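Below: the structure, in structure tokens.
Here the structure is a predicted model, which is why all the values come from computation and not from measurement.
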Amino acid sequence: MTAPPSNKGGAAPRHQNSDGANTARNAKRRSRLYRWDMKYSPYGFIAPFFLFFLAFGLFPLLYTGYASLHQVELTAPTDMNWVGLRNYSRLLEDDFFWNALKVTLILGIMSTVPQLLMALGLAHLLNYRLRGSTFFRVAMLTPYATSVAAATLVFAMLFGRDYGMINWFLGFFGVDHIDWAAGTWSSRIGVSVIVIWRWTGYNTLIYLAAMQAIPKDLYESAAIDGASRWKQFLHVTIPSLRPTILFTVVVSSIGAMQLFGEPLLFNPGGGANGGAEHQFQTIGLYLYEQGWTNQHLGRGAAIAWVMFILLVVIGLLSTLISRRLAKTH
């Protein structure tokens, strides 16, 4: 038998060249996949948010704007007749729309001002070392975590005319039974109380977090200068909280513009008219009444876009104010 030919001093075997080429190609492929992963995987992680936003945010917004330019009824939502800006011009001539806008503004002031003042005072108290401070901080969030429907129905019973606990308590002071849901200002007070109860704790924790971020050196310097706690609160705490206060004012204003559940359930069975004289009908209730009770979807869509424009105006004003505060700070 003859021995196999020797490869000494010759070229490398063919299978070795093939293995080296495969290894290089695999390394190049892994490097390319790694670059693609680093470049495109973040977009894949955030893609679900944008898909949901397009489906449930942007598309409804654009479609509502399109529907607001048509006459369309709930009974035939696909049957649209072009009317241009007629739905908007009718709103300018509608006394009920202006009443809803006025009521929304009044309820916003009646609920926002006391709410933020109370939240500021409570946060100032919780900022000091108290026994059980953790318990009080958790308790502040309890109203916020409560369902708006459950809270409003409970308050509707408390404000009941014949058997409500509030009228029972006022009776000890000789006050006759008040029909809270029927009166103009009494119903607005009732709705505002619900909003104040639900959101005071939420704003308290926001203020508390901002207060804890204030440098302690400022309070020590004020104390050395002889400033009392009240003066420290006025001249140290409040100026340091200006951006936070502006934030809570804007958020509360947006929330007031969207008031719906509280006035709707404050008078159970009363519908979306906000009382017999529309005395607590907000823009949200008026939208619901036009779109779903009266079945005028085109008009309801116009109201929704008016609300959107008002919210944009509030946002722009807050931006201008914040920039001015930043320049003067």
Distance-minimising heavy-atom pair for [X] and [Y]:
X    : Y    : value
V306 : L91  : CG2-CD1, 4.0 Å
I178 : N167 : O-ND2, 2.9 Å
V72  : P77  : CG2-O, 3.4 Å
V249 : L116 : CG2-CD1, 3.6 Å
G271 : L264 : O-CD1, 3.6 Å
A272 : Y288 : CB-CD2, 3.5 Å

Side-chain heavy atoms of [X] within contact of [Y], under 4.5 Å:
X    : Y    : answer
L92  : W98  : yes
V250 : I314 : yes
N127 : L208 : yes
I106 : I109 : no
I283 : L310 : yes
L287 : T282 : no
L297 : Q290 : no

How long is the straight-line distance from [atom2] of [Y] back to [atom1] of [X], given to the nearest 0.5 Å?
X    : Y    : atom1 : atom2 : result
F280 : S186 : CZ    : OG    : 9.0 Å
R242 : I321 : CZ    : CD1   : 12.5 Å
M140 : F135 : CE    : CZ    : 10.0 Å
N294 : E73  : CG    : CD    : 9.5 Å
S192 : Q115 : OG    : CD    : 10.0 Å
I46  : L51  : CD1   : CG    : 10.5 Å

[X] side-chain N/O to [Y] backbone N/O, donor-acceptor pair under 3.5 Å:
X    : Y    : value
H278 : N273 : yes
D179 : R161 : no
S89  : R86  : yes
S187 : A182 : no
N203 : L120 : no
N87  : L69  : no
R188 : L107 : no
T142 : A139 : yes
W305 : L61  : yes

Verify the neighbour count for atom [atom1] of [X]: are there more than 12 heavy atoms of other residues, nucleotides or ligands below 6.0 Å?
X    : atom1 : answer
E277 : CD    : no
Q295 : CD    : yes
F96  : CZ    : no
F247 : CZ    : no

*Could you tell me how the ring of F52 sits relative to the ring of F56: parallel (under 30°), tilted (30 to 60°) or perpendicular (over 60°)?*
parallel
*Could you label the plane-to-plane angle of the Y63 and Y66 rings as parallel, tilted or perpendicular, counting under 30° as parallel and over 60° as perpendicular?*
tilted
Are [X] and [Y] in one and the same hydrophobic cluster, where Ile, Leu, Val, Met, Phe, Trp and Tyr link if side-chain heavy atoms are under 4.5 Å apart?
X    : Y    : value
F59  : M80  : yes
I303 : V312 : yes
F266 : M110 : yes
F260 : V191 : no
L170 : Y163 : no

*Would you please name every residue forming a side-chain hydrogen bond (donor to acceptor under 3.5 Å, both in side chains) with R198, sequence neighbours left out?*
none
*Under the side chain to side chain contact (heavy atoms under 4.5 Å, CB included) criterion, do L311 and Q258 qualify, and how do the steps go?*
CA-CA 9 Å; L311 294 178; Q258 298 174 331; 3.7 Å; yes
Side chains of [X] and [Y], donor plus acceptor under 3.5 Å:
X    : Y    : answer
T104 : Y286 : no
T248 : Y207 : yes
S68  : Y88  : yes
E289 : Q281 : yes

*side chain to side chain contact (heavy atoms under 4.5 Å, CB included) assessment of V175 paired with F169*: CA-CA 9 Å; V175 179; F169 177 76; over 6 Å; no
Under 3.5 Å, which donor-acceptor pairs link side chains of residues 221-234 to any protein atom two or more places apart or in another chain?
residue, atom, partner, partner atom, Å
S221, OG, D217, O, 2.9
S228, OG, K231, N, 3.4
Q232, NE2, A227, O, 3.1

*Carefully, step by step, assess V103 and Q279 under the rule side chain to side chain contact (heavy atoms under 4.5 Å, CB included).*
CA-CA 7 Å; V103 170; Q279 65 268 22; over 6 Å; no
*When you look at V113 and L117, which way does the side chain to side chain contact (heavy atoms under 4.5 Å, CB included) test go after all the steps?*
CA-CA 6 Å; V113 175; L117 290 177; 4.0 Å; yes
*Enumerate the residue pairs fulfilling ring pair (Phe, Tyr, Trp, His ring centres under 6.0 Å) with a member in residues 182-204, sequence neighbours excluded, ordered by first and then second residue.*
Y144-W199, Y144-Y202, F155-W197, W199-Y202
*Would you confirm whether the ring centroid of F45 sits within less than 6.0 angstrom of the ring centroid of F49?*
no
